Amino acid sequence: MLAMIAFIIKLIIGGAASYIIPSVSKKSISEKEHLKILCVGIFSTSLFSITYAIDSQAPYILSASALVFIGFLSFRLSESMKLDEKILLFGCVLIGLNIGFGYILQGIILSFLVYYIISNRADLFTLLYENKDDSSEEDIN
């Protein structure tokens, strides 16, 4: 019974993170893409929570196969998405993975990190391009 309560709490936290992050990060996200991100976030949380509960001593085989399945599913769902929405989708998968394994605090920290990346994407990629240009100039000299 205690495991079921923990599972429900994980689902609530994973679902809340998967719903709130796209809502706060991107105002112009379509309902269809928002629903995809929400469903994949909840599905990854539940799948990893179940694989951990089934074999908690060594959850490596089941978790690895679940990770491959979620990866293929996320890749197929993200083909028609924009870059921001892809970052949100894969970020919610990682958050669901952490929350599903029981690392709720780490999932919350990842939520803030994904929000920061989406909010400051232009500045972060500008820094990456500037560093790439600097290294190419040093190679020339």
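Just so it is clear, the model here is predicted, and its values are computed rather than measured.
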In one Ile/Leu/Val/Met/Phe/Trp/Tyr side-chain cluster, 4.5 Å: [X], [Y]:
X    : Y    : value
F112 : I13  : yes
I8   : Y19  : yes
I9   : I109 : no
L73  : F75  : no

Are the side chains of [Y] and [X] in contact, using a 4.5 Å heavy-atom criterion?
X    : Y   : value
L110 : I99 : no
Q106 : I95 : no
F48  : K10 : no

- Item | Flag if over 12 foreign heavy atoms under 6.0 Å of CZ, F90 | yes

Report the distance from atom [atom1] of [X] to atom [atom2] of [Y], rounding to the nearest 0.5 Å.
X   : Y    : atom1 : atom2 : value
S28 : E85  : OG    : CD    : 7.5 Å
H34 : L38  : NE2   : CG    : 6.5 Å
K36 : L89  : NZ    : CG    : 9.0 Å
I87 : I118 : CD1   : CD1   : 4.5 Å
L88 : S78  : CG    : OG    : 12.0 Å
C92 : I21  : SG    : CD1   : 5.0 Å

- Item | Criterion side-chain contact (heavy atoms from CB on, under 4.5 Å) against L97, the qualifying member of L67, T45, I70, L47 | L67

Hey, is the main chain of [Y] close enough, under 3.5 Å, to the side chain of [X] for a donor-acceptor pair?
X    : Y    : result
E33  : S30  : no
S44  : G41  : yes
S119 : Y116 : no
S46  : F43  : yes

